[in-house]
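Residue numbering restarts at 1 for every chain, and letters A, B, ... go by the order of the sequence lines.
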Number of protein chains: 2
Amino acid sequence: MMSIHGHEEDIALQTRSIRDVIYEKLKEAILSEQYKAGHHLKERELAKQFGISTTPLKEALRRLEQEGLVTTSARRGTFVSSDIMNSVEEINWARSALEGVAARLAALKITDEEVGMLTETTVQMRIYTEAKNTEQLIALNGHFHKLIRTYAKNNYIFQQIEAIHSFDRSFRKKALSHEDELERGFQEHYAIYQAIVAKDADLAEKLMIGHIRRTIEFVKESKAAAKAKS
Amino acid sequence: MMSIHGHEEDIALQTRSIRDVIYEKLKEAILSEQYKAGHHLKERELAKQFGISTTPLKEALRRLEQEGLVTTSARRGTFVSSDIMNSVEEINWARSALEGVAARLAALKITDEEVGMLTETTVQMRIYTEAKNTEQLIALNGHFHKLIRTYAKNNYIFQQIEAIHSFDRSFRKKALSHEDELERGFQEHYAIYQAIVAKDADLAEKLMIGHIRRTIEFVKESKAAAKAKS
DNA sequence: ATATAATATCTGATATATCAGATATCAAAT
DNA sequence: ATTTGATATCTGATATATCAGATATTATAT
């Protein structure tokens with residue numbers, strides 16, 4: 001059996017640069033609302049806190065800025081954007097489109113050997129779904145999507161998806177906490193799997209897009225519900 | 001008639017930071033192929049050349065990196081993306097997907113005023129198509145697509161398309177050289193226009209994706225033909 | 001001549017220092 | 001009490017210095 005783990009990126013990443021580490025940390029903190037909307041992210045303060053200089057920190061902030069999670073006003077400061085959810089949603093629309101083409105390309109290009117790997121993963125997903133093992137399932141789902149974008153054999157799309165796929169990580173867990181969502185997620189993944197194996201590119205793309213966009217809606221709804229409660 | 005120009009962003013930019021200026025300069029230089037694919041962009045050298053320090057330069061490079069225009073390898077260097085540039089086809093798959101969602105979002109969000117602008121552009125396109133004015137038509141086509149991704153009101157997708165868009169600037173011209181292609185192009189644009197105005201999001205996305213993927217095929221074919229001739 | 005190891009050099013990554021705009025503070029004037 | 005303006009202070013923007021990996025070079029051994 002192949003190894004499934006949530007942090008594939010630990011491997012083969014020789015000395016992750018500080019800016020990348022900090023970027024991840026800040027992003028996680030913002031998405032998990034440790035830093036709330038409007039919070040002032042002070043360069044010096046954070047640098048001191050993390051025990052680094054301001055240079056890599058600044059680079060991390062730049063990236064967050066481009067993704068819309070923070071807003072920087074010259075010589076005033078960098079602040080957590082007022083509407084993070086909007087940024088996340090924006091990025092997820094892009095993700096749905098990109099993972100959609102990836103599924104199409106995978107359907108067009110997948111080899112017999114790769115079908116085997118994808119099948120194996122799907123079998124595992126069924127088992128863990130029935131066992132309601134959410135933890136393992138999250139890892140497997142991630143693996144499933146990664147296999148597909150790998151088999152698409154399109155480097156640009158692969159990189160682009162890699163850059164943004166983590167944006168719903170904090171929500172994914174929440175989404176899978178509902179039992180019916182667990183089952184539904186598997187059904188969708190299985191349908192995508194079938195379409196790719198059948199080399200039905202149109203269907204594969206359509207299903208993948210629908211799958212991701214539905215999760216966007218799901219996240220939006222649960223957020224709205226959380227907001228209404230407070 | 002409305003004015004068509006590429007630099008609306010000149011207005012209202014108080015004290016543009018050095019990093020922004022440098023970012024634009026580098027981007028322009030890459031797109032105009034002053035810096036060819038694979039070219040090594042050396043931080044110190046460029047900083048000296050521009051008469052600035054490496055800090056803002058580094059920030060500009062980071063941004064270009066995220067957009068995929070350059071690739072940075074730790075402690076080796078930053079290079080103008082070559083593998084990506086080479087496979088215009090790879091990148092265009094992404095473009096079709098992203099412009100597709102953009103069309104969907106535009107259909108969902110477009111306002112009456114924006115419909116007016118889009119209509120005006122479409123009218124112009126018809127006129128220039130009938131007049132077989134290829135030069136103007138290229139500009140208008142670009143404008144048409146830009147309006148749509150603007151009306152999508154999704155900053156992330158907008159940026160991503162703009163970045164991709166810049167890659168195939170050179171070869172787009174080729175696609176419109178054939179007369180029947182001219183006419184066909186207009187028909188497709190018009191259909192997309194109608195779908196958006198009718199707020200038929202599904203159709204708008206589908207048509208846009210089809211439109212772009214067909215031009216990918218068209219360019220591939222003419223490329224192959226040109227190769228066979230040589 | 002080729003392979004290999006020592007080393008010099010180039011380059012990005014990071015740290016630190018300085019500059020300048022923006023805001024806050026507070027005193028003087030009305 | 002309110003306004004105004006001088007000034008102190010905070011903060012991001014930029015510049016410069018240092019660190020460390022990667023590559024090229026050269027010398028040495030076989």
Review point. In whole angstrom, what separates I22(A)'s CD1 from dA13(C)'s C1'?
Key: 14 Å
Exercise for review: Map T54(A) and R44(B) onto DNA chain D by nearest heavy atom, then report which one ends up closer to the 5' terminus.
Suggested key: T54(A)
Review point. Can you check whether S53(A) has a side-chain N or O nearer than 4.0 Å to OP1 or OP2 of dT14(C)?
Key: no
Check your understanding: Are Y23(A) and E67(A) close enough, and set up right, to give a side-chain hydrogen bond (donor to acceptor under 3.5 Å, both in side chains), and what steps lead you there?
Key -> CA-CA 11 Å; Y23(A) 159 76; E67(A) 290 170 344; 2.9 Å; yes
Point to revise | Listed nucleotide nearest any side-chain atom of R62(B), set dA15(C), dT14(D), dA13(C) | key: dA13(C)
Check your understanding: Would you say dG12(D) has OP1 or OP2 under 4.0 Å from some side-chain N or O of H40(A)?
Key -> yes
Review point. What does L57(B) touch in the nucleic acid at a heavy-atom separation under 4.0 angstrom: a base, only the sugar-phosphate, or nothing?
Key: nothing
Check your understanding: Does a side-chain N or O from K42(A) land closer than 4.0 Å to OP1 or OP2 of dC10(D), or not?
Key -> no
Review point. How would you label the contact of L46(B) with the nucleic acid (heavy atoms, under 4.0 Å): base, sugar-phosphate, or nothing?
Key: nothing
Check your understanding: Taking NZ from K48(B) and C1' from dC10(C), how many angstroms apart are they, rounded to a whole number?
Key -> 14 Å
Review point. Any side-chain N or O of R76(A) under 4.0 Å from OP1/OP2 of dT23(C)?
Key: yes
**Study point:** Exceeds 12 heavy-atom contacts within 6.0 angstrom, atom CD of E181(A)
**Key:** yes
Practice item. Over 60° means perpendicular and under 30° means parallel, so classify the ring planes of H211(A) and H145(A), tilted if in between. Key: parallel
Point to revise | Below 4.0 Å: OP1/OP2 of dT9(D) and any side-chain N or O of R75(A) | key: no
